[in-house]
Structure formats: C-alpha cells, structure tokens
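The structure under discussion appears below in the form of structure tokens.
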Amino acid sequence: MIAADLSFDREKILEKIRSAMSEKRFRHVLGVEKAALELARQYGCDERKASLAALLHDYAKEVDDQVFLDLIDQHQLDEDLKVWGNNVWHGIVGAYKIRHDFGIEDQEILQAIQRHTVGAAQMTLLDKVLYVADYIEPNRDFPGVDEARRLAKECLELAVAYETAQTVAHLAKKAIPIYPQTIETYNAYVGYLQ
Ligand code: GDP
Ligand code: FE
Ligand code: FE
C-alpha cells in the first residue's frame, strides 16, 4: 500500500512514470531523484519522501491541457488558474492526478510536487529539496547551473533564492507572465542573496 508506509514498489512506479513521458524527461526525473537524495542526506530530510516526490514531480508534464482544466473544475480550484498553462499546471494541478493515479495521500509529498515550479513563501524542507533538485540535477546544462549547485551545498535557502531570482529574470526577459506565487517566493527568499 503506497500511501500507508511509502514502501512503494519502485519498479512499478518507474514503469508508470516512464510510459507517461519522453526518454529525455524520464532521464531528467532520475537525475532529480539523485539530486534530491543528495540534498536530503545533507540537510536531514526524509529520503523516501524526497525520492518519491522527485520521481513523481513531472508525471503530469505531458498531459493534455483539457485534463488540467477538468481537474480545476472537479476539485473546485481557483478559476484564475485556467489562464495559465502546462508550465504552471503540471505541479499545482498535476498533484491531483498523481494522487489519483498512484494513490499517494501523503500531503507533504503532494505539496512539494505542487510547489516544485513556483515555490512558496514558506517552504518545508521537502519543498526546498525538490525545488532545488529539479534545478540542479546532473542533466541540467544552462548558464548559472554550476553556481546553483555550489550554493545548494552551502545553504539550501540561498539556492532557493538564487534559482527563483534566475527564473524571474528569465521569464521577464522573455516577456512571459509570472505566476503570483513565484513572485511571493522571490520576495520571501531574495534576502538571502543580499
Ligand atoms: P521542468 O518541469 O523540469 O522543466 O521545470 P519546472 O517545473 O521548474 O518549470 C517548468 C517551466 O515553467 C520552466 O520553463 C520555467 O521557466 C517555467 N516557470 C517557472 N515559474 C513560472 C512562472 O511563474 N510563470 C510561468 N509562466 N512559467 C514559469
Ligand atoms: Fe516541472
Ligand atoms: Fe522537473
């Protein structure tokens, strides 16, 4: 029973995740698990939760938009969510699909998945581990990723701040709308960079 003790059948879960996404994304997911486990060990986070959250975090990334719109109605989520797109939905709304498809009821895991793209003003250790691991996993290659990896070893909150500032700058530069919760994360953590 997945929800009860987290002694999940790893092979079964991996197969289900693999069949829901491209090979490239599956490799990313395994990289996020590796990074999340390293951070969990360093910062004293529950390793099984970090592992499961990492494996599941992008499960909904290749799901049709209509599925998210239906989930928003079904769970009576904020109607304002509907103007956003997959990038914002796959975590915040995707967690409802993950709960359904995998029988995951652990709220800490579901919350970390919900927050993995946009963060939150007050993140738990597990939230931060997944948020940062997603950004620094070994397959990532973009300007600033090595700095993010270095900061993650030094201070997890500093890495959250750095990642959020980079993301906000990246989105603004490309004139992409920024989800309000991303700004809240930025404001809550930017002090670490000063
Ligand atoms: P991935 O799923 O592993 O690719 O990584 P994320 O879930 O962290 O991010 C998915 C995409 O959402 C990336 O292209 C981010 O730049 C983008 N993103 C992050 N925050 C926001 C936001 O506030 N608004 C919008 N529109 N996109 C965002
Ligand atoms: Fe994601
Ligand atoms: Fe990801």
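Read the numbers this way: they start at 1 and go in the same order the structure lists the ligands and their atoms.
Within ligand 1, counting atoms from 1 as listed, the ones closer than 4.0 Å to a heavy atom of K61 are 1 (P), 2 (O), 4 (O), 10 (C). Residue I176 has at least one heavy-atom neighbour below 4.0 Å for each of these atoms of ligand 1: 26 (N). Which parts of ligand 1 touch D134 is read off a 4.0 Å heavy-atom cut-off, strictly below it: atoms 3 (O), 5 (O), 6 (P), 7 (O), 8 (O). Here is the list of ligand 1 atoms found below 4.0 Å of a heavy atom in P177: 24 (N), 25 (C), 26 (N). Listed by atom number, the atoms of ligand 1 under 4.0 Å from T182 heavy atoms are 20 (N), 22 (C), 23 (O).
Nearest to the Fe ion (ligand 3), among the N, O or S atoms that D134 has, is OD1.
Of the listed residues (T164, I183, L171), the one carrying the non-hydrogen atom nearest atom 20 (N) of ligand 1 is L171. Between T117, V118, T185, V168, it is T117 that holds the heavy atom closest to atom 18 (N) of ligand 1.
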Query raised in the report: After noting the C-alpha distance and the side-chain angles of K128 and C45, does the key distance pass the side chain to side chain contact (heavy atoms under 4.5 Å, CB included) rule?
Result: CA-CA 10 Å; K128 290 180 272 196; C45 183; over 6 Å; no
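Salt-bridge formation is detected for the pair E23/R18: a Lys NZ or Arg NE/NH1/NH2 atom is positioned less than 4.0 Å from an Asp or Glu carboxylate oxygen. A salt bridge does not link K16 with D101: every distance from a Lys NZ or Arg NE/NH1/NH2 to an Asp or Glu carboxylate oxygen is 4.0 Å or more. Salt bridge status for R115 with D134: absent, with no side-chain N to carboxylate O gap under 4.0 Å. Note on E47 versus R41: salt bridge recorded, some NZ/NE/NH1/NH2 to OD/OE distance being below 4.0 Å.
Checked by distance only, ligand 1 and T167 stay at 3.5 Å or farther apart across all their nitrogen or oxygen atoms. Close N/O approach between H57 and ligand 1 is not found [any backbone or side-chain N/O within under 3.5 Å]. For the pair H28 and ligand 1, the shortest N or O to N or O distance falls below 3.5 Å.
Not a single protein heavy atom sits closer than 4.0 Å to atom 15 (C) of ligand 1.
Within a 6.0 Å sphere centred on CD of Q122, heavy atoms belonging to other residues, nucleotides or ligands number 12 at most.
Draw a line from the Fe ion (ligand 2) to NE2 of H116 and another to OD1 of D58, and the angle between them is 90° (to 10°).
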